[in-house]
Each structure stands twice: as C-alpha cells, then as structure tokens.
Amino acid sequence: MKFRFDFEYKTGKTIKKTTALENEDFSAQLKTTDNKTEFIIHPKTEIEFTKFRIICDHNFKMNDRIFTNGYQSWTVSKEYNPDDKMDEFNPKFLGIEKKNFNPLGIWGAGDLTFHKYPRKRGIFYGYSYGYIRNNNELLLIGSLSEKSGYTIITFNTNDDTIIIEKDFDDVTFNNVFTALSLAVIKDEYDCAFDKYFEMMHIQPPKVDRQCGYTTWYNYYTGVTEEIVNRDLNSILNLDTKIDIFQIDDGYERTVGDWLIPDKKKFPNGMKVIADKIHNNNMLAGLWLAPFAVTPKSYIYKKHKDWLVRDKNGKIKFASHNWGGFYALDIYNEEVRDYIRNVFNTVLNDWGYDMVKLDFLYACCIVPIHNKSRGEIMCEAVDFLRECCGDKIILGCGVPLAPAFGKFEFCRIGADVGLNWENKAFSREDVSTQHTLTNTIYRRHLDGRAWLNDPDVFLLRDNNIKMSLSQREIIAKVNSLCGNLLFVSDDVSLYNEKQKTIFNETVTAKKQKITSAQIDNTIAEIKTDKESFRFNISNGKVL
C-alpha cells in the first residue's frame, strides 16, 4: 500500500500541520516487511499530535462488503455495502434535542465523546481492525498493537480512500516510539484472520466450549440467595451437565463494594454459594465491574482521590448505569492494592473459579498520566490478568484488541433484550438484533482471540416477549458462532420441547462456518453441514 500523511501537532502553544515525514520537530521512519508496516516517530522536541492520519487509495467495488469493528464489546459491528450509511445514536428516542445533547451524560460507553461520527453515506469507521470482503477474499487491515493508542480505520467509498488514524489525545511525546504497527493481509477469510493473529503472536485459547447459567437476564439486580439455591437445584435435574453457574450483578451492597454482600439478599455471604456450586460439580462464577464505583460506595465516600479525573482535575463521570458511576484510576497504587485484595478474596478466600469482568472501558474514559486511552486499556487488561492468575476471565464491555489473548472468554455483542425488536438509542445499548449481528460478524474472533461469548439464549415462557421460534433462532446462532452458551432461566419450568432445544443447543458439536452474512434483512449462516436462514428484522426462520 502507498501512503500519504496528514499530521497536526502542538509544540508548546504552537499548532502546526504537515504532510511530510520529517521537519524541524520530528521525523517518521517507515518500515515495511512482508505484510507488516511500522511507523516509528523520532521527536526532536516535546510534541503532541492532535491529528495523526495515514491515507491510502483503494478502488472500492459495488459488490464489496466493508466490515468495521465497533469500539467495545457491545458496539454494533457489521459489514456495510459501499453506499450504506452507518447506524447512529437517535436522540429522538429520548426526546433530546441534538444541540443540547451531551453523549457522556446519557451513555458514556461508546466513543462519541472523542471521535466525530460520520453522517454521510459511504463512510465507515471502526477500531483496531477492519476488512473489505469481495466474495470470500479479504483485504484485512489490522493494528498489531494498541499500546501507543487506539487505531481508528475509516473506509471512505466516496473518494476511494482508507484512512488509518491514531487516538493520541492529550499525550505528549519526547522519546522515540512506535506510533503504528499495521498488518495488511490479502487472503481468503479464515486464512487472513489466522495470519493476523499469528502476526500478533497470540496463541489459541486453552479452554473448551462451555455451557452455563447466569442470574442476570431473569432477575437482574433482584437476585437473592433463595433464587440461586432454587435454580441451582433445578439445573441438577437437566439431562445435560452445566459447566458454570455464575452470580451476576445484585449480590453486592453497591457497585464498587465487592467484598460487602447485600445482607438481606445474601445473608450467608458468597463463599457459601461457591461451596454449594462446587458440591454440585460446577465451576462457580461471579460478576464484577472492577473499575466502577457509585456515589453510594464506600470507596467514593472515603477515597475520592482514587477516582479518574479530567485534565482540569474534575472527577470524571463514566456513564449512567446504576444511577451514574465513576472510574478508578488504575495507576494509583492504593487502587491497585485494593483491586488485588478484591480478586484474592473472591478467587481464593471465597473460592470462585471464574470472574465476569464488566464495564472495563471505564478505566480509559479519558487520557490520564500522559497515557492514551489505548495504552491505559492495554495496561488495565494486563493488570487484570495478573490479579486473576490462572482463574477464568470472561471479559465484557471492553475494547476488544487490548484484550486479545488475555481472556478465556469475551462478550462480542450487546446485551440480549427480552423482546426481538429493541429501540436501541446508542450503538452500545441493549438490543437482540444488534447482538445477533455482532455474533455473526465477529465470529472470526472465536478460537483465535478467545472463545466468543455471544450472550445468553433464553427459552423460558415467563418474563420474556419473544415467540419460542425467535428464542430458538438466538440459541441456534449462539451455538453456531459462539462457544460460551449461557441460559438465565428457571429450568424447572421448562416443558419437554424447551428441554429438547436446550439439550440440542449445548450438546451440538461446533461446525465449520463456510460463510455468514446479513443481506438487507436476511441472515444466512452456511456451514460444512447445513445452511440456516432467518429474517433479522422480524425473527422468522426462512
């Protein structure tokens, strides 16, 4: 690929622009070998890039399909036709006027606060990697490391360009650094992704396909010890063995106070629960959002100096969940000691085998300590791996590339809704259709970065607004494209039909997918054994 350059930067209070690889302030070294290109920056003075863009020409064709990887686990990620328009937040769902809209105040889980959204047809952007597909042949462009900062890849079919830029907001450089390490691979679909992960030196995950139960999608924060005991006993009557029984949000007094269970809901504490799960030959799982704290938490009240602050010194609001929450500064040594103690207690004293770690994006909502968002996320994931040792991590709400090869399992789509048609107001919001879309289009991560968690399939009749045939579609797609198959039902209420669907879903052997796409509203997944088609807009099997 031949590159052009567009740099904007600050030295002191002076803003400068250049398209050259060398001037009085820095030089850029371009190194290309095989499928790899590196851009190494040699600052000659202290420099802050406000724009770092590499541009190349590409002749898009009308039968091309363009995949963009969304910012984090929940963000919509799919293939587009060259003349499509990206899905955008719709403030009308909330009655918000755009001129008064503060995206961080409503939903801080995405990238709206630091990346300008394209509002024209034919412009598509994503994070860390993306591809152009023509039939089964790919041009795959992917960052080999996000440690310097997030890599944002934009495909512009209007002017036939591909733009690769780095998120270096509020970071100054005065030493030599690798700004961009890029893979450019042309090959058929599976081979291209095999090469990409080989270039990153990421080994396939060492865990097997698992099935399990989680409390979240039936009881949400209303979970109690009584409910857990009841559903645990019910699962023992299934014909199929459950591998993991996971307690989700709601057991703790408030988000952030992980070692203080809610005494009314869990009067005997969390170790007792783990012991009961183990006695029934299952792994015990527990949900945590390790970087999040609410104003009700002990930490917020006693340790405000532990919280992430913006460059003006103001405590940074992270998102609206739980009435609003804030993020811990992972570079504060007291914070690191606190988090280490949480994991030591949960994994060793209480005895849990798996932790579902959620809302991980919170740690990098703003650049801090002269580190980019990407660098913070990479170091946060490494820290979590250190804390958990050889215990199982299920990641969620995390920018994906920093977590490649670090977690055993990872969520790759939004939360499933209790109905088929969700009016999602953001690209990260709860949506059954969005998560099915991500499950299909992020299938290439399964078995390479980790084993994919496509989120739950639900078969129950109560507390749900989907037909059984729609529920079967979710189970089928999850089984074909994922490897962590969780339910969230009181299985004692299953009828024979539901028991059969459950058993067939979790015992099905993994099939090799030969192709999968959504054309207009028709989703089709082809394997070496079958073809499965359904209408994603209404949930009807074709």
Side-chain angles (χ1 to χ4, degrees), residues 147 247 249 251-263 266 269-271 273-274 284-311 313-319 321-322 324-399 402-403 406-408:
K147 288 183 179 179
I247 317 300
D249 187 11
Y251 69 89
E252 74 284 2
R253 188 183 73 84
T254 188
V255 165
D257 293 345
W258 309 113
L259 302 184
I260 309 175
D262 185 309
K263 292 183 179 180
F266 286 85
M270 303 311 295
K271 185 181 186 305
I273 301 295
L286 194 67
W287 176 93
L288 301 164
F291 305 136
V293 296
T294 67
K296 295 179 181 179
S297 68
Y298 172 83
I299 291 176
Y300 183 87
K301 292 175 180 177
K302 301 293 184 179
H303 295 287
K304 289 188 176 65
D305 56 314
W306 289 9
L307 304 179
V308 168
R309 295 173 183 264
D310 63 21
K311 56 186 175 182
K314 184 178 179 181
I315 295 174
K316 196 67 178 175
F317 182 76
S319 192
N321 301 78
W322 311 293
F325 75 94
Y326 302 88
L328 293 175
D329 179 353
I330 64 165
Y331 299 103
N332 183 308
E333 284 303 321
E334 290 182 345
V335 168
R336 295 172 82 86
D337 288 342
Y338 165 75
I339 292 175
R340 288 189 187 100
N341 182 56
V342 167
F343 283 111
N344 182 58
T345 301
V346 169
L347 298 173
N348 298 320
D349 295 346
W350 293 356
Y352 284 84
D353 311 283
M354 182 200 84
V355 280
K356 177 181 176 181
L357 305 182
D358 210 347
F359 292 84
L360 298 183
Y361 69 85
C363 70
C364 65
I365 51 173
V366 290
I368 53 175
H369 306 299
N370 201 41
K371 294 176 182 285
S372 70
R373 296 177 182 87
E375 183 177 8
I376 296 166
M377 196 69 251
C378 288
E379 293 179 350
V381 167
D382 287 343
F383 176 59
L384 293 174
R385 186 72 270 173
E386 172 199 320
C387 290
C388 294
D390 59 359
K391 295 295 182 80
I392 298 170
I393 297 177
L394 164 57
C396 191
V398 63
K406 306 291 185 179
F407 299 158
E408 285 77 14

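In this structure, the separation between CG on Leu357 and SG on Cys396 is 9.5 Å, given to the nearest 0.5 Å. To the nearest 0.5 angstrom, Ile376 atom CD1 is 8.0 Å from Lys371 atom NZ. For the atom pair CH2 (Trp258) and CD (Glu252), the distance works out to 5.0 Å, reported to the nearest 0.5 Å. The structure places CG of Leu328 at 12.0 Å from CZ of Arg336, a figure rounded to the nearest 0.5 Å. Once rounded to the nearest 0.5 Å, the distance linking CZ of Phe343 with OH of Tyr352 reads 14.5 Å. Arg373 CZ to Ile368 CD1: the interatomic distance, rounded to the nearest 0.5 Å, is 11.0 Å.
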Audit row: Val308, Phe317, side chain to side chain contact (heavy atoms under 4.5 Å, CB included) steps and yes/no: CA-CA 9 Å; Val308 168; Phe317 182 76; over 6 Å; no

Verify side chain to side chain contact (heavy atoms under 4.5 Å, CB included) between Cys388 and Leu347, making sure each step is shown before the conclusion. CA-CA 8 Å; Cys388 294; Leu347 298 173; 4.1 Å; yes

Side chain to side chain contact (heavy atoms under 4.5 Å, CB included), that's the test. Do Tyr251 and Ile273 meet it? Break it down for me. CA-CA 11 Å; Tyr251 69 89; Ile273 301 295; over 6 Å; no

Please lay out, stage by stage, how Asp382 and Lys406 fare under the test salt bridge (charged side-chain N to carboxylate O under 4.0 Å, His left out). CA-CA 7 Å; Asp382 287 343; Lys406 306 291 185 179; 2.9 Å; yes

Side chain to side chain contact (heavy atoms under 4.5 Å, CB included) for Met270 and Leu286? Distances and angles first, verdict last. CA-CA 9 Å; Met270 303 311 295; Leu286 194 67; 3.9 Å; yes

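A salt bridge links Arg340 and Asp337; the closest N-O separation between the charged side-chain nitrogens and carboxylate oxygens is under 4.0 Å. A salt bridge is defined here as a Lys NZ or Arg NE, NH1 or NH2 lying under 4.0 Å from an Asp or Glu carboxylate O, and Lys391 with Asp353 fails to meet this definition. A salt bridge between Asp310 and Lys314 is absent, with no side-chain N of the basic residue lying under 4.0 Å from a carboxylate O of the acidic one.
Scanning all heavy atoms of the two residues, the minimum distance from Asp257 to Lys296 falls at OD2-O, 4.4 Å. Between Pro295 and Tyr326, the closest heavy-atom pair is CG-CE1, 3.8 Å. Heavy atoms only, all atoms of each residue included: Trp322 and Ala292 are closest at CZ3-CB, 4.2 Å. Pairing each heavy atom of Lys316 with each of Ile365, the nearest pair is CG-CD1, 3.5 Å. Considering every non-hydrogen atom in both Phe407 and Ile393, the closest pair reads CD2-CG2, 3.4 Å. Listed here is the closest heavy atom pair of Ser297 and Val255: CB-O, 3.6 Å.
Between the side chains of Thr254 and Thr294, at least one donor N or O sits under 3.5 Å from an acceptor N or O. When only modelled atom types and interatomic distance are considered, Asp358 and Trp287 share a side-chain donor-acceptor pair under 3.5 Å. For the 3.5 Å distance criterion, the side chains of Asp329 and His369 qualify, holding a donor opposite an acceptor.
Each of Val342, Leu360, Val355, Val346 was evaluated against Pro290; a single residue qualifies, Leu360, per the side chain to side chain contact (heavy atoms under 4.5 Å, CB included) test.
Residues passing the salt bridge (charged side-chain N to carboxylate O under 4.0 Å, His left out) test with Glu334: none are found, sequence neighbours excluded.
The environment of NZ in Lys304 is crowded: more than 12 heavy-atom neighbours from other residues, nucleotides or ligands sit within 6.0 Å.
The shortest side-chain heavy-atom distance between Tyr298 and Val293 does not fall under the 4.5 Å cut-off. The closest side-chain heavy-atom distance from Arg253 to Pro261 is not below 4.5 Å. For the pair His303 and Tyr338, the minimum side-chain heavy-atom distance is 4.5 Å or more.
Between Phe359 and Phe291, the gap from one ring centroid to the other reaches at least 6.0 Å. A ring-centre distance under 6.0 Å is not found for Trp306 and Tyr300.
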